[in-house]
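Reading through the structure tokens given below for one structure.
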2 protein chains.
Amino acid sequence: MIKSVQHESKRKLLDAAQNVFRTKGYAATTVDDICEAAGVTKGSFFHHFKSKEGLTLDAAAHWSTWTEALFAAAPFHQAADPRERVLGYVDFRAAILDRAVPDFTCLLGTLVQETYATHPAIRAACNKGMSSHIANLTCDIEAAKQRYAPDAPWSAESIGYFIQAVLQGSFIFAKAKDGSEVARENLSHLRRYLEGLFPHPRKSNRKEKP
Amino acid sequence: MIKSVQHESKRKLLDAAQNVFRTKGYAATTVDDICEAAGVTKGSFFHHFKSKEGLTLDAAAHWSTWTEALFAAAPFHQAADPRERVLGYVDFRAAILDRAVPDFTCLLGTLVQETYATHPAIRAACNKGMSSHIANLTCDIEAAKQRYAPDAPWSAESIGYFIQAVLQGSFIFAKAKDGSEVARENLSHLRRYLEGLFPHPRKSNRKEKP
DNA sequence: GACAGCATACCAACTAGTCGGTTTAATAAC
DNA sequence: GTTATTAAACCGACTAGTTGGTATGCTGTC
């Protein structure tokens, strides 16, 4: 407990960065903004991070830990059938769309869009985080493919990227329209596509493959 | 000719803004950056635009004119079958992915992601431009639906948004990976989905509906 | 000479990062 | 148990540089 109190400022700064970046973007967010949101001072900020970019790199890693924990704990992750896990993932993403826009959008997508040409280290960190999330997702997709579409011409990984692209694009429309209705419809199209990619052998969805 | 020479600086500023914003984003782009890229001075900038935000609003309108002209002139737009026009649109978007990243990404998507919470006027301008592009696209989709899937439960408009979301999301991955391979695969998934939504009645794709 | 178009010099506000110093916490010596 | 020592955490005023925007001046055309 003593130890956790010590590093509380750092954690608060990383949490605050997540939210402020998702609201205002990277460049428009000042170090003071983050300090204010975290309730710490600028001196503390530069004690823990060597620069704004340094904080951002840490925040990207922090984000990945945070989201992986979130998805690992989500109920869809328990389904026995990998097809259900994949569709459950999409449904889960749809379910959290009722929050405010900055609360369901993706830090990494927001950051990379702004910084890809100017901050190579941030671009790389975002790429790493997104790829690793997709790699996790790809495990379930691969298992579903083995069971329901073993001869399909597409790769499981490319489906993982496709799912993420639909999500990222939907976030942009949620921002443009200040609402998540379009995002929700997009996820419903995505679900229909995935259902078609993994056709049930017959009628039952409990039937085990021989 | 005199008139066009007179306003050449303004046009150059709008063109430059398009490219610089797509590379560095809104907040990280300085007025001086745009002036330098356009080859004009700051005095000229503030002669034509009242502020950086003012220029951005004009640039969003300029972008819409520019892109609508681009798509109106593209060959896919001539196809007689609306299904071919829709698929041709996707193929066209895939075909221009061989350019550099800032040359195929979307100004409006980039802008709105950064400014949605801080610059309401820019958000509205981006929303308007994207919606209008989708409305154009929706005409072809609606016609294709009438012909190939008149009883489908989805709306033509929602397909328009879905197509754009896939594109916008693909741009994010093109930025994250500094390459368009993922984007290309995403568009191939999108095409497969659309093909499934508009099934051919039999075998021929030249058959006219009675 | 009036005016649009453009150029140069300039300013006030802001921002990332610094720096000297204070507080807090853990450990060790006594 | 008290005190000394050390190091990490923290503070907030300050600076050097940047930025959007302004003020003023110049030039050619009508």
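First the proteins, then the strands, lettered A, B, ... as listed; each starts at 1.
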Can you tell me how far [atom2] of [N] sits from [atom1] of [X], to the nearest Å?
X	N	atom1	atom2	result
Leu55(A)	dT15(C)	CG	C1'	15 Å
Lys52(A)	dG17(C)	NZ	P	8 Å
Glu8(B)	dC6(C)	CD	C1'	14 Å
Phe46(B)	dT8(C)	CZ	P	16 Å
Phe45(A)	dC19(C)	CZ	P	17 Å

Residues that Arg192(A) engages under salt bridge (charged side-chain N to carboxylate O under 4.0 Å, His left out), provided they are two or more places apart: none
Is any side-chain N or O of [X] closer than 4.0 Å to OP1 or OP2 of [N]?
X	N	result
His48(B)	dC6(C)	yes
His47(A)	dA9(D)	yes
Lys42(A)	dG12(D)	no
Thr41(A)	dC10(D)	no

For Tyr161(B), the option from His189(A), Lys177(A), Glu185(A) that meets side chain to side chain donor-acceptor pair (under 3.5 Å): Lys177(A)
DNA chain D-proximal residues of residues 13-39 of chain B, any heavy atom under 4.0 Å: Thr29(B), Thr30(B), Val31(B)
Sequence neighbours excluded, every pair satisfying salt bridge (Lys or Arg N to Asp or Glu O under 4.0 Å) that has a member inside residues 52-69 of chain A: none
Summary of salt bridge (Lys or Arg N to Asp or Glu O under 4.0 Å) pairs that have at least one residue in residues 23-40 of chain A, sequence neighbours excluded: Lys24(A)-Asp33(A), Asp32(A)-Lys42(A)
Partner set under ring pair (Phe, Tyr, Trp, His ring centres under 6.0 Å) for Phe46(A), not counting sequence neighbours: none
Candidates dG17(C), dG21(D), dC6(C) - which lies nearest the side chain of Ser9(B): dC6(C)
List the atom pairs, donor and acceptor, that lie under 3.5 Å between side-chain atoms in residues 88-101 of chain A and the rest of the protein, sequence neighbours left out.
unit_1   : atom_1 : unit_2    : atom_2 : d
Tyr89(A) : OH     : Arg93(A)  : NH1    : 2.8
Tyr89(A) : OH     : His133(A) : NE2    : 2.8
Tyr89(A) : OH     : Gln164(A) : NE2    : 2.8
Asp91(A) : OD1    : Arg191(A) : NE     : 2.9
Asp91(A) : OD2    : Arg191(A) : NE     : 3.4
Asp91(A) : OD2    : Arg191(A) : NH2    : 2.9

